[in-house]
Undergrad: 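After the C-alpha cells below, expect a handful of questions from me.
When reading the values below, keep in mind they use all heavy atoms of this one structure, side chains included, and skip hydrogens, waters and symmetry mates. All values derive from a computational prediction rather than experimental measurement.
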Amino acid sequence: MSSKRGAFIVIEGLDRSGKSTQASAILSRLQENGIKAKLLKFPDRTTPIGKMIDAYLKSQSDLDDRAIHLLFSANRWELAASIERDLSSGILILADRYAFSGIAFSQAKGLPYEWCRSPEISLPAPDLTIFLDISPDQARERGGYGEERYEKEEMQRKVREIFKRMGKEMPGAGVGDSVQSGPVSSENQVIPPRWVNINAGLPVEDVTDNIWNVISPLLTCIAQPLHRLWTE
C-alpha cells in the first residue's frame, strides 16, 4: 500500500444499538466536509453468500453454527481486496459491523473463541473500531427489536461481554466517551487508539458528535501502514 492512504473505521455494537443510524450520519458528515468516503455494511446481503446469510438471519433457513460462521467470514473476505484498493486510493472506509461481530455472535452460541477468530486472521484491520455500548435492556426498548434471529436478550448479554473482551485485546484500547490511553503520534500525525467505547444510550445527535470527535484525527490520509487482524 502507498505511504498515504484512507482510514478504515468500523462501527460495532449490539443489535439496535444505533450502528446503522450512526454510520449513515457519519457518512453524511464526511461528505459534507469534502472527505472521500465509502460505507460498507456487513453482512453484505447483495452477494451470493450474503443472500444465504440474509435468509438465515430472517429465520427462512437453518444452517449449522460453524457453517454460518464461515459464510459470514467469507462475506468479509469477498470485499477485502476492494477495501484495500479503496484505502490505497485515499478513500475513507466506514464499515457497519465487521469481523468482531462474527466472532461475538458465534462464540455466544457456544463455539470456541479461537476457532471463531481463526478465519478472520489477516483480514484488513480497522484503524479504529467504535463500539456503541448499550445495555440489552435499552436495546430491547428500541423499534424493531426481535425481528431477526439473534435479537434475544440473553444472546445480546453474552455478545456484549465478548465484545468487551475483544476491545481489551486491541492495542491501546480506549474506554467510555474519552480515550483512556490517549492518542499516539505517527509521523507528526495524532492517531487514536484502535478501539474506543462510546455510550450509545445518549441522544442520537450526542452519540454522533462523540463519534466524530474520536475519528477526527483520521479524516486526512494517514501514513500508518495497514495492519492485519491478529497477526501482531
Side-chain angles (χ1 to χ4, degrees), residues 9-30 39-46 50-63 65 68-69 71-73 75-76 94-111 116 126 128-168 170 173-177 195-215:
I9 299 170
V10 169
I11 298 180
E12 286 280 16
L14 301 185
D15 292 333
R16 308 297 167 179
S17 61
K19 298 177 306 303
S20 296
T21 297
Q22 293 301 331
S24 295
I26 293 298
L27 179 66
S28 295
R29 194 174 292 192
L30 289 167
L39 174 61
L40 303 178
K41 295 187 178 184
F42 288 102
D44 181 342
R45 305 189 191 207
T46 65
K51 290 175 182 177
M52 296 174 65
I53 294 171
D54 184 57
Y56 172 83
L57 290 174
K58 292 177 178 176
S59 299
Q60 296 169 355
S61 67
D62 286 308
L63 290 168
D65 288 341
I68 190 63
H69 180 79
L71 285 176
F72 271 105
S73 182
N75 189 239
R76 288 181 281 275
L94 183 65
D96 179 350
R97 289 204 188 279
Y98 196 50
F100 311 106
S101 280
I103 295 167
F105 281 91
S106 289
Q107 192 195 356
K109 291 188 290 184
L111 297 180
C116 295
L128 173 64
T129 298
I130 299 287
F131 178 64
L132 297 182
D133 195 16
I134 189 172
S135 72
D137 292 338
Q138 289 175 296
R140 185 183 57 198
E141 296 171 359
R142 297 187 170 183
Y145 189 85
E147 291 178 355
E148 292 200 330
R149 184 181 292 261
Y150 296 143
E151 290 178 355
K152 297 177 176 61
E153 192 168 339
E154 182 58 31
M155 167 67 84
Q156 298 293 316
R157 290 188 188 282
K158 292 178 182 177
V159 167
R160 188 186 190 200
E161 291 307 309
I162 299 163
F163 269 124
K164 288 179 180 292
R165 171 183 174 173
M166 287 187 286
K168 291 176 182 177
M170 297 299 287
V175 177
D177 296 324
W195 184 290
V196 176
N197 297 337
I198 295 288
N199 182 356
L202 299 174
V204 172
E205 295 80 6
D206 292 344
V207 177
T208 304
D209 288 341
N210 288 339
I211 294 173
W212 186 259
N213 290 338
V214 172
I215 71 172

Undergrad: How far does CD1 of Ile162 sit from SG of Cys116, to the nearest 0.5 angstrom?
TA: 8.0 Å
Undergrad: Can you pull out every salt bridge (Lys or Arg N to Asp or Glu O under 4.0 Å) where at least one residue sits in residues 198-207? Sequence neighbours excluded, please.
TA: none
Undergrad: With salt bridge (Lys or Arg N to Asp or Glu O under 4.0 Å) as the test, would you mind laying out the steps for Arg157 and Glu153 before giving the verdict?
TA: CA-CA 6 Å; Arg157 290 188 188 282; Glu153 192 168 339; 2.6 Å; yes
Undergrad: Going by salt bridge (charged side-chain N to carboxylate O under 4.0 Å, His left out), name the residues that satisfy it together with Arg160, two or more places apart in sequence or in a different chain.
TA: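 Once residues adjacent in sequence are excluded, the partners of Arg160 under the salt bridge (charged side-chain N to carboxylate O under 4.0 Å, His left out) criterion are Asp133.
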Undergrad: Can you tell if the side chain of Asp209 reaches within under 4.5 Å of the side chain of Arg29, non-hydrogen atoms only?
TA: yes
Undergrad: If you round to the nearest 0.5 Å, how far is CG of Asn210 from CD1 of Ile130?
TA: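 Those atoms lie 9.5 Å apart.
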Undergrad: Just verifying a value: how many Å separate Arg45 CZ and Asp54 CG, rounded to the nearest 0.5 Å?
TA: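 Interatomic distance, Arg45 CZ to Asp54 CG, rounded to 0.5 Å: 4.5 Å.
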Undergrad: Locate the shortest heavy-atom distance separating Leu39 from Asp96; write the atom from each residue and the value.
TA: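 Reported closest heavy-atom pair: CD1-N, 4.4 Å.
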Undergrad: What distance do Gln107 atom CD and His69 atom NE2 have between them, rounded to the nearest 0.5 Å?
TA: 10.5 Å
Undergrad: Just wondering, are more than 12 heavy atoms of other shown residues or ligands nearer than 6.0 Å to CE in Met166?
TA: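 Enclosed.
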Undergrad: Who passes side chain to side chain contact (heavy atoms under 4.5 Å, CB included) against Thr21, sequence neighbours left out?
TA: Val204
Undergrad: Taking only residues two or more places apart in sequence or in another chain, which ones pass ring-ring contact (aromatic ring centres under 6.0 Å, His included) with Phe100?
TA: Trp195, Trp230
Undergrad: Give, for atom OG of Ser17 and atom CD1 of Ile134, the distance between the pair rounded to the nearest 0.5 Å.
TA: 6.5 Å
Undergrad: Please answer whether the main-chain N or O of Arg97 pairs with a side-chain N or O of Ser101 as donor and acceptor at a distance below 3.5 Å.
TA: no
Undergrad: Does Ile215 reach the side chain of Ile26, with side-chain heavy atoms less than 4.5 Å apart?
TA: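 SC-SC contact between Ile215 and Ile26 confirmed.
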Undergrad: Residues in side chain to side chain donor-acceptor pair (under 3.5 Å) with Arg165, at least two apart?
TA: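 Result, side chain to side chain donor-acceptor pair (under 3.5 Å) vs Arg165: Glu169.
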Undergrad: Does any N or O in the side chain of Arg76 come within less than 3.5 Å of the main-chain N or O of Leu71, such that one atom is a donor and the other an acceptor?
TA: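 No: the side chain of Arg76 does not pair with the backbone of Leu71.
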Undergrad: Is there side-chain contact between Tyr98 and Ile9, with at least one heavy-atom pair below 4.5 Å?
TA: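 Counting from C-beta outward, Tyr98 and Ile9 never come under 4.5 Å.
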Undergrad: Holding to side chain to side chain contact (heavy atoms under 4.5 Å, CB included), I want the full list of residues that pass it with Asn75, two or more places apart in sequence or in another chain.
TA: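 Applying side chain to side chain contact (heavy atoms under 4.5 Å, CB included) to Asn75 gives Phe42, Pro43, Asp44, Thr47, Ile49, Ile53, Glu78.
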Undergrad: Mind checking side chain to side chain donor-acceptor pair (under 3.5 Å) for Ser24 and listing every partner two or more places apart, or none if nothing turns up?
TA: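 Ser24: no side chain to side chain donor-acceptor pair (under 3.5 Å) contacts found.
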Undergrad: Starting from the C-alpha separation in whole Å, work towards a yes-or-no answer on side chain to side chain contact (heavy atoms under 4.5 Å, CB included) for Leu94 and Leu40.
TA: CA-CA 6 Å; Leu94 183 65; Leu40 303 178; over 6 Å; no
Undergrad: Phe105 and Leu111: side chain to side chain contact (heavy atoms under 4.5 Å, CB included), yes or no, with the steps?
TA: CA-CA 9 Å; Phe105 281 91; Leu111 297 180; over 6 Å; no
Undergrad: Do the non-hydrogen side-chain atoms of Thr46 and Lys41 ever get within less than 4.5 Å of each other?
TA: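 Counting from C-beta outward, Thr46 and Lys41 never come under 4.5 Å.
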Undergrad: How would you list, by chain and number, every residue that makes a side chain to side chain donor-acceptor pair (under 3.5 Å) with Thr129, sequence neighbours excluded?
TA: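 For Thr129, no residue satisfies side chain to side chain donor-acceptor pair (under 3.5 Å) once neighbours in sequence are set aside.
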Undergrad: Between Lys19 (side chain only) and Leu14 (backbone N and O only), is there a donor and an acceptor less than 3.5 Å apart?
TA: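 Yes.
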Undergrad: Would you sort out whether Lys109 and Val159 count as a side chain to side chain contact (heavy atoms under 4.5 Å, CB included), showing the intermediate values?
TA: CA-CA 9 Å; Lys109 291 188 290 184; Val159 167; over 6 Å; no
Undergrad: When rounded to the nearest 0.5 angstrom, what is the spacing between CD1 in Ile211 and CG in Leu128?
TA: 9.5 Å
Undergrad: Taking side chain to side chain donor-acceptor pair (under 3.5 Å) as the definition, give me every residue that meets it alongside Ser28, ordered by chain and number, with sequence neighbours left out.
TA: none
Undergrad: I'd like to know if the side chain of Glu12 reaches the main chain of Phe131, judged simply by a donor and an acceptor atom lying under 3.5 Å from each other, with no hydrogens or angles considered.
TA: no
